[in-house]
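In what follows, a structure is listed as structure tokens, so that the remarks can point back to it.
Source: prediction; values computed, not measured. Counting convention: from 1, in listed order, for ligands and their atoms alike.
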Amino acid sequence: MRRTLADVKLMKVGGERISMLTAYDASMSRLLEACEVDMLLVGDSLGMVMLGYDSTVPVTMDEMIHHAKAVRRGAPDSFIVGDMPFGAYQTGERDAIKNGMRFLKEADCDAVKLEGGLKVCGVVRALVDAGIPVMAHIGLTPQTASQLGGYKVQGKGIDDARRLLAEARSLEEAGAFGIILECVPDKLAEVITEAVAMPTIGIGAGAECDGQVLVTHDLLGMFEKFTPKFVKKFADLAPVIKESIVEYASEVKSGSYPAAEHSFTSDCDYSLLLKE
Ligand code: KIV
């Protein structure tokens with residue numbers, strides 16, 4: 001049965017921790033659904049992980065929709081959140097609703113996510129009023145990381161922490177059903193988690209959030225460009241993949257692959273064809 005927003009909300013109420021992971025294609029979302037991950041995020045991190053950009057900034061709505069559709073095809077029963085890319089909601093409520101609707105109508109997502117604090121509360125309200133469930137995202141917000149002085153921990157000082165707490169409260173008031181807390185001190189994440197009724201999902205925000213999210217390629221050790229401190233590599237697949245590919249290429253060169261068991265046979269004498 002397909003998971004719903006009500007299921008997600010009930011998890012916080014019942015004290016059940018929420019697992020969330022990124023997915024960008026059908027083969028991975030099929031695996032994640034089989035593992036009963038609670039929520040899938042079609043993150044704009046796909047810009048770096050899948051498309052080879054240096055940041056999430058260049059990612060377009062069309063690219064997000066293309067990947068979100070594939071994720072839904074692989075995971076028909078999962079709760080899927082589509083990430084609004086940079087430029088999809090900063091130009092006003094009308095554009096935000098138009099783009100948010102695309103995630104629901106074209107890719108069959110259950111909700112959208114967007115980055116920012118007080119500045120995006122109006123947009124969050126407009127989306128929710130239009131019937132689009134919204135997940136907020138504060139702390140380190142990668143789309144505007146340069147304005148934050150780079151990929152740095154946010155809310156270390158008390159004034160900054162107060163601002164983040166106020167933002168979380170305002171986003172909840174604006175109608176967000178959940179919030180991602182990225183790269184904030186664990187104690188601050190704990191305070192925010194206590195202060196809001198919506199589930200908090202941490203990434204680099206300690207163990208006291210209501211749930212956790214990671215980039216799947218990071219936890220599998222498949223993204224070698226950089227590994228943030230908060231990532232635990234549950235597997236180290238990049239070397240395994242490389243070894244397998246090197247072996248394949250060498251077997252192709254030597255002729256040992258494909259072997260007889262990988263080939264199709266017939267009783268026909270095809271050499272006759274050359275004599276016709
Ligand atoms: O784009 C993304 O993958 C994200 C998560 C890491 C929170 O925003």
Side-chain angles (χ1 to χ4, degrees), residues 8 18-25 28-29 32 37-61 63-68 70-71 75 78-90 99-100 103 107 109-117 120 124 134-145 148 151-155 164 167-168 171 176-184 189 192 198-206 209-220 222-223 225-234:
V8 174
I18 301 167
S19 61
M20 186 177 199
L21 282 173
T22 60
Y24 313 124
D25 60 33
M28 189 61 84
S29 67
L32 299 181
V37 173
D38 296 314
M39 286 197 276
L40 306 190
L41 171 66
V42 187
D44 63 353
S45 50
L46 66 81
M48 280 116 101
V49 179
M50 303 298 280
L51 304 179
Y53 297 140
D54 282 335
S55 77
T56 57
V57 172
V59 178
T60 65
M61 264 311 290
E63 286 165 342
M64 292 305 300
I65 294 293
H66 173 77
H67 285 272
V71 169
S78 293
F79 189 89
I80 299 178
V81 180
D83 208 359
M84 299 273 267
F86 188 60
Y89 54 98
Q90 291 85 350
N99 289 319
F103 274 111
C109 285
D110 298 287
V112 301
K113 173 174 91 58
L114 52 79
E115 297 180 7
V120 299
V124 170
V134 180
M135 175 168 251
H137 181 163
I138 61 169
L140 174 57
T141 44
Q143 291 174 7
T144 46
L148 301 172
Y151 291 84
K152 285 189 184 151
V153 178
Q154 303 295 308
L164 286 171
E167 285 179 347
L171 287 159
F177 74 87
I179 188 163
I180 291 197
L181 305 177
E182 180 163 353
C183 283
V184 300
I192 295 175
M198 63 183 165
T200 60
I201 309 292
I203 173 162
C209 296
D210 297 304
Q212 298 291 326
V213 61
L214 277 180
V215 169
T216 303
H217 287 66
D218 284 342
L219 85 87
L220 294 177
M222 286 172 72
F223 187 67
K225 250 180 139 180
F226 60 86
T227 307
K229 172 184 158 77
F230 54 76
V231 169
K232 175 174 173 183
K233 282 192 185 181
F234 288 80

Dump the pairs for me: ligand 1 N or O, protein N or O, distance under 3.5 Å, to 0.1 Å.
unit_1: ligand 1; atom_1: 1 (O); unit_2: Asp44; atom_2: N; d: 3.2
unit_1: ligand 1; atom_1: 1 (O); unit_2: Asp44; atom_2: OD1; d: 3.0
unit_1: ligand 1; atom_1: 1 (O); unit_2: Ser45; atom_2: N; d: 3.0
unit_1: ligand 1; atom_1: 1 (O); unit_2: Ser45; atom_2: OG; d: 3.3
unit_1: ligand 1; atom_1: 1 (O); unit_2: Asp83; atom_2: OD2; d: 3.2
unit_1: ligand 1; atom_1: 3 (O); unit_2: Ser45; atom_2: OG; d: 2.5
unit_1: ligand 1; atom_1: 8 (O); unit_2: Lys113; atom_2: NZ; d: 3.1

Just so I know, are the side chains of Ile201 and Cys209 near enough to count as touching, which here means a heavy-atom distance under 4.5 Å?
no

Could you check if a side-chain atom of His217 sits within less than 4.5 angstrom of a side-chain atom of Val231, using non-hydrogen atoms only?
no

Applying side-chain contact (heavy atoms from CB on, under 4.5 Å), name anything that partners Leu219, two or more places apart in sequence or on another chain.
Leu21, Leu214, Phe234

Run the side-chain contact (heavy atoms from CB on, under 4.5 Å) test against Cys183 and tell me which residues pass, sequence neighbours left out.
Leu140, Phe230

List for me each residue that meets ring-ring contact (aromatic ring centres under 6.0 Å, His included) alongside Phe223, sequence neighbours excluded, and say none if there are none.
Phe226

Is Lys225 paired with Asp218 through a side-chain N to carboxylate O contact shorter than 4.0 Å?
no

